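Predicted model only: the values in this text are computed from it and were never measured.
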Amino acid sequence: MPIMAPVHASAPRHRTALSVNVNKVALLRNTRHLGIPDVLRAAELCLEAGAEGITVHPRPDQRHIREDDVYELAALMKDWPDREFNVEGNPLQNLMEFVRNLSARGLPLHQCTFVPDSEGQFTSDHGWSFPQHAAQLKPLIEEVQSRGVRVSLFMDPLPESMAAAKELGADRVELYTETYARAWGTPDKDKVLSQFAHTGRAAAAVHLGVNAGHDLNRDNLTEFLHAVPGVLEVSIGHALIADALELGYSATVAAYLRCIDNASPE
């Protein structure tokens, strides 16, 4: 799959890509001053095991991914030209500085995911709202895209918001999947999953690519991908790194790739 090619609703279905979020590796490293576990080595092992991308979400307080990590990981990705580097964050805080500096240093950045976190927020817990955020986001989307970088907006599963995201110029949305993860295994699961499926179809109708992420794991991933049409990428961090503590990076990435393959209609 070409790194920068836009994906339209009429395009044939592609295999969902797995991007590994290495934030939690950095969080563990930061509890000591020994440099272990090594974030770069973790990313390299995941790529060697078949992950199609690496994701980081550097927060202003640097409680996990630090500034140097972003540039060192981007340099690593130069050795993997067929894989993607995705940097997440709030463009109204520190994200745009990374976008500009990566570009100035000639380092790869393939996707930038805009997330409406407040400073110091425990974890991402909601998507952008329109029209409230539209005026702030539009020029920033345009700036990122002018550097040849795809823009994805972190969004709640609201079908009516997909056209607004497309109108702003976003290339993709990343559907915030915590509500699905909480509902999985409960009587509410089918209803919640139907909402995500409806949102996926609404995105496809306006030629907007769909990513997904947050609390997806080996138990719930296959069912989600089977139900929601056209998911191009899943970004998975917490559960995958937790699994890797028991299974190792290579076996864990292989297990998630099997979950993706099991969702294929073929």
Show your reasoning for whether ring-ring contact (aromatic ring centres under 6.0 Å, His included) applies to Tyr176 and His214.
-> CA-CA 6 Å; Tyr176 170 48; His214 211 281; 5.1 Å; yes

Should side-chain heavy atoms under 4.5 Å link Ile, Leu, Val, Met, Phe, Trp and Tyr, which residues sit in the same cluster as Ile36?
->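 Cluster partners of Ile36: Leu34.
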
Distance-minimising heavy-atom pair for Pro60 and Asn94 |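 For Pro60 and Asn94, the tightest heavy-atom pair comes out as N-ND2, 3.8 Å.
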
Taking all heavy atoms of Gln111 and all of Arg150, pick out the closest pair and write down the distance.
->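 Here Gln111 and Arg150 meet closest at OE1-NH1, 2.8 Å.
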
Salt bridge [X]-[Y], side-chain N to carboxylate O under 4.0 Å:
X: Asp243; Y: Arg218; value: yes
X: Lys166; Y: Asp171; value: no
X: Asp61; Y: Arg63; value: yes

To the nearest 0.5 angstrom, please state how far the CZ atom of Arg182 sits from the CG atom of Asp188.
->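 Taking CZ in Arg182 and CG in Asp188, the distance rounds to 10.5 Å.
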
Geometric class of the Tyr180/Phe196 ring pair [parallel <30°, tilted 30-60°, perpendicular >60°] |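 Because their plane-to-plane angle is over 60°, the rings of Phe196 and Tyr180 count as perpendicular.
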
Is the closest side-chain donor-acceptor distance between [X] and [Y] under 3.5 Å?
X: Thr177; Y: Asp215; answer: no
X: Ser235; Y: Ser19; answer: no
X: Glu223; Y: Trp184; answer: yes

Give the intermediate values and the outcome of side-chain contact (heavy atoms from CB on, under 4.5 Å) for residues Asn30 and Arg66.
-> CA-CA 9 Å; Asn30 292 355; Arg66 297 170 177 162; 3.0 Å; yes

Taking only residues two or more places apart in sequence, or in another chain, which ones meet Phe130 in a ring-ring contact (aromatic ring centres under 6.0 Å, His included)?
->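 With sequence neighbours excluded, Phe130 shows a ring-ring contact (aromatic ring centres under 6.0 Å, His included) to no residue whatsoever.
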
Yes or no on side-chain contact (heavy atoms from CB on, under 4.5 Å) for Tyr256 and Asn217, after CA distance, side-chain angles and deciding distance?
-> CA-CA 8 Å; Tyr256 278 86; Asn217 57 45; 4.0 Å; yes

Step through it carefully: locate the ring centre of Phe114, locate the ring centre of Phe154, and say whether they are under 6.0 Å apart.
->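 No, too far apart.
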
